[in-house]
Chemist: 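For reference, the structure I am asking about is given below.
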Amino acid sequence: MNSFTRFKTNSLRTIVFVLVLFFFLHCRVNPNPKGSLLDPFTVEGLVSTLIYNDSLNPGSTRDWTIFPSPFGTTDPIDSPVFDQIGTTTYAIYIRNTNLSTRLYSSMDGINYSQLGVQINNTNTNIFAAFTGRSQLSNYHSLNLGGAWNANALISGFCMIKYNTASAYILEENLVTRTIDSGNSINTITASPAYPSRTSGSCLYANGKVYLLGGKNGSSNLFDLWESSDGINWSLITERVKHTSAGGINRPCNAIQNSNDTSILGMAYSDVTTYKFHIVFNNLALLQSNDGSTWTCTNPNLNFNSGYNSIVNRAVLIGKRLFVYGQPDNVYTDLE
């Protein structure tokens with residue numbers, strides 16, 4: 001190859017290199033285009049980032065199964081309340097449209113049998129199934145609803161049984177107690193430490209009575225309290241909310257800081273992985289062992305939450321958690 005030929009070849013290579021370099025410096029694709037994940041400091045980029053993150057972190061999901069109402073045709077303002085003796089679950093189902101109440105029992109949470117006769121009475125959220133006595137706020141039965149007898153009004157929003165004949169009754173600013181299956185009531189404190197409320201979810205477990213949330217006027221409460229005697233109350237947490245799981249734009253995330261959600265119920269078990277179980281009106285389920293650190297799982301279905309939820313609509317039977325709604329009724333296996 002002569003010198004002239006070598007000169008032309010090298011010149012051509014130089015020209016190609018210059019053209020490639022010019023294109024790279026001036027015509028390359030913007031590495032941070034507007035709205036991309038690499039440029040989140042714009043409205044478009046932030047939306048893209050949130051959607052992408054949600055797809056990567058949807059949170060754990062829990063299966064819920066829908067089953068037909070065991071109480072017949074239901075109404076949004078109906079009020080079920082549950083109690084248990086051994087392996088039998090008892091329920092009073094109050095139809096507030098005609099102020100009628102019926103007593104039921106179940107062994108599996110899906111099938112309920114009506115006990116005794118219907119009673120026409122005023123609205124009540126008080127119920128306890130003592131041994132040999134079924135106690136409502138203003139009536140009681142000594143034969144599982146075969147006959148109902150009027151008694152002095154028992155006020156309050158929760159009757160929490162702690163042995164076969166004793167229970168605490170929580171009121172807005174008062175705690176009373178019965179030690180004779182509801183036959184008589186005595187005040188034990190007129191100044192409980194928990195803030196005033198007209199409703200709440202309550203249970204007795206591990207030698208303590210627990211009070212969760214409720215309503216104070218138009219405000220929903222999400223605090224959790226405990227007491228070993230009904231007189232002295234300690235705050236476990238100001239707001240139950242998840243510390244793990246969830247996911248952006250998921251049901252668990254909706255309960256984090258929103259007062260638009262409400263609590264459907266609380267259950268406690270010594271035979272499941274977690275001890276405390278709290279279910280919300282979107283079926284997001286919080287679970288905890290100490291009451292202060294909570295893990296949440298998102299539901300696998302949408303839930304009709306358009307009903308009165310001022311009472312505990314959840315009950316744990318074995319390792320299955322039941323929620324009785326309107327018109328939907330659901331359960332989930334906790335193990």
Side-chain angles (χ1 to χ4, degrees), residues 81-86 89-90 125-131 133 135 137 154-216 221-241 243 263-279 286-295 310-317 321 334:
V81 188
F82 303 90
D83 197 9
Q84 294 171 315
I85 298 179
T89 297
Y90 293 94
N125 293 320
I126 293 295
F127 171 60
F130 296 104
T131 302
R133 184 181 177 112
Q135 182 67 58
S137 63
I154 301 174
S155 301
F157 56 84
C158 281
M159 177 176 275
I160 312 106
K161 187 178 63 184
Y162 62 91
N163 62 36
T164 57
S166 304
Y168 298 110
I169 300 99
L170 274 55
E171 300 186 36
E172 186 172 0
N173 292 297
L174 192 70
V175 178
T176 58
R177 178 175 60 185
T178 180
I179 58 174
D180 55 8
S181 302
N183 187 56
S184 62
I185 303 295
N186 299 295
T187 299
I188 57 175
T189 178
S191 56
Y194 59 79
S196 175
R197 66 201 64 203
T198 56
S199 66
S201 295
C202 313
L203 60 80
Y204 183 81
N206 196 33
K208 297 179 180 180
V209 57
Y210 295 93
L211 167 62
L212 169 66
K215 276 189 173 294
N216 182 353
L221 303 173
F222 301 91
D223 50 348
L224 180 61
W225 295 77
E226 67 177 5
S227 174
S228 57
D229 58 9
I231 301 172
N232 301 289
W233 292 83
S234 300
L235 179 65
I236 300 177
T237 180
E238 292 183 356
R239 184 185 181 98
V240 290
K241 58 183 180 180
T243 50
I263 296 168
L264 293 185
M266 172 174 60
Y268 183 97
S269 175
D270 283 318
V271 298
T272 53
T273 301
Y274 291 102
K275 297 184 182 299
F276 292 95
H277 310 274
I278 298 174
V279 62
L286 287 179
Q287 296 174 291
S288 174
N289 281 315
D290 58 11
S292 58
T293 301
W294 296 86
T295 296
I310 64 172
V311 292
N312 194 343
R313 290 178 174 268
V315 64
L316 190 62
I317 301 177
L321 180 64
L334 296 178

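Keep in mind that this is a model prediction, so the values were computed, not measured.
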Chemist: Atom OH in Y204, atom OH in Y168: separation rounded to 0.5 Å?
Modeler: 6.5 Å

Chemist: With sequence neighbours left out, write down each residue that passes ring pair (Phe, Tyr, Trp, His ring centres under 6.0 Å) with Y268, or none if nothing qualifies.
Modeler: F276

Chemist: Measure the OG-CD1 distance between S201 and I160 for me, rounded to the nearest 0.5 Å.
Modeler: 10.5 Å

Chemist: Take Y162 and R177 through the test side-chain contact (heavy atoms from CB on, under 4.5 Å) and record every step on the way to the result.
Modeler: CA-CA 10 Å; Y162 62 91; R177 178 175 60 185; 3.2 Å; yes

Chemist: So which heavy atom on S199 is nearest to which on K215, and how close?
Modeler: OG-N, 3.1 Å

Chemist: Is there a side-chain contact between Y274 and L334, using heavy atoms and a 4.5 Å cut-off?
Modeler: no

Chemist: For the pair T187 (side chain) and T189 (backbone), establish whether a donor and an acceptor sit closer than 3.5 Å, ignoring hydrogens and angles.
Modeler: no

Chemist: Which atoms form the tightest heavy-atom contact between N163 and S166, and what is the distance?
Modeler: OD1-N, 2.7 Å

Chemist: Taking the side chain as everything from C-beta on, heavy atoms only, tell me whether F222 gets closer than 4.5 Å to I278.
Modeler: no

Chemist: For the pair F82 and T89, evaluate side-chain contact (heavy atoms from CB on, under 4.5 Å) and give the outcome as yes or no after the intermediate values.
Modeler: CA-CA 7 Å; F82 303 90; T89 297; 4.2 Å; yes

Chemist: Which heavy atom in L321 sits nearest to a heavy atom in A267, and how many Å separate them?
Modeler: CD1-CB, 3.9 Å

Chemist: Please check this pair: side chain of N289 against backbone of K275, looking for a donor-acceptor N/O pair closer than 3.5 Å.
Modeler: yes

Chemist: Could you give the distance from CD1 (I185) to CD1 (I169), rounded to the nearest 0.5 Å?
Modeler: 3.5 Å

Chemist: Okay, side chain of S227, backbone of N232: is any donor-acceptor separation there less than 3.5 Å?
Modeler: yes

Chemist: Can you find a heavy atom in the side chain of F130 that is under 4.5 Å from one in the side chain of K161?
Modeler: yes

Chemist: Heavy-atom distance under 4.5 Å between the side chains of R197 and D223, does that happen here?
Modeler: yes

Chemist: Are any non-hydrogen side-chain atoms of L212 and Y210 less than 4.5 angstrom apart?
Modeler: no

Chemist: Is there a side-chain contact between D83 and Q135 (heavy atoms, below 4.5 Å)?
Modeler: no

Chemist: Taking S155's backbone N and O only, do any of them form a donor-acceptor pair with S137's side chain (distance below 3.5 Å, no angle check)?
Modeler: no

Chemist: Side chains of L224 and W294, heavy atoms from C-beta outward: is any pair under 4.5 Å?
Modeler: yes

Chemist: W225 versus C202: any side-chain heavy-atom pair under 4.5 Å?
Modeler: no

Chemist: I'd like to know if the side chain of S288 pairs up with that of D290 as donor and acceptor (distance under 3.5 Å, no hydrogens or angles considered).
Modeler: yes

Chemist: Enter the distance from I126:CD1 to C158:SG here, rounded to the nearest 0.5 Å.
Modeler: 7.0 Å

Chemist: Rounded to the nearest 0.5 Å, what's the gap from CE on M159 to CG on L170? Could you check?
Modeler: 11.0 Å

Chemist: Please determine whether the number of non-hydrogen atoms from other residues, nucleotides or ligands lying under 6.0 Å from atom CD1 of I179 exceeds 12.
Modeler: no

Chemist: Going from CG on D270 to CG on N206, what distance comes out if it is rounded to the nearest 0.5 angstrom?
Modeler: 6.5 Å

Chemist: Taking I231's backbone N and O only, do any of them form a donor-acceptor pair with D229's side chain (distance below 3.5 Å, no angle check)?
Modeler: yes

Chemist: Under a 3.5 Å cutoff, is there a donor and acceptor pairing between the side chains of E172 and S196?
Modeler: yes

Chemist: For F157 and G200, which heavy atoms make the closest approach, and how far apart are they?
Modeler: CD1-N, 3.6 Å

Chemist: Donor-acceptor pair, distance only, cut-off 3.5 Å: does the side chain of T178 make one with the backbone of S184?
Modeler: yes

Chemist: Taking Q84 for its side chain and L316 for its backbone only, find out whether a donor-acceptor pair lies under 3.5 Å.
Modeler: yes

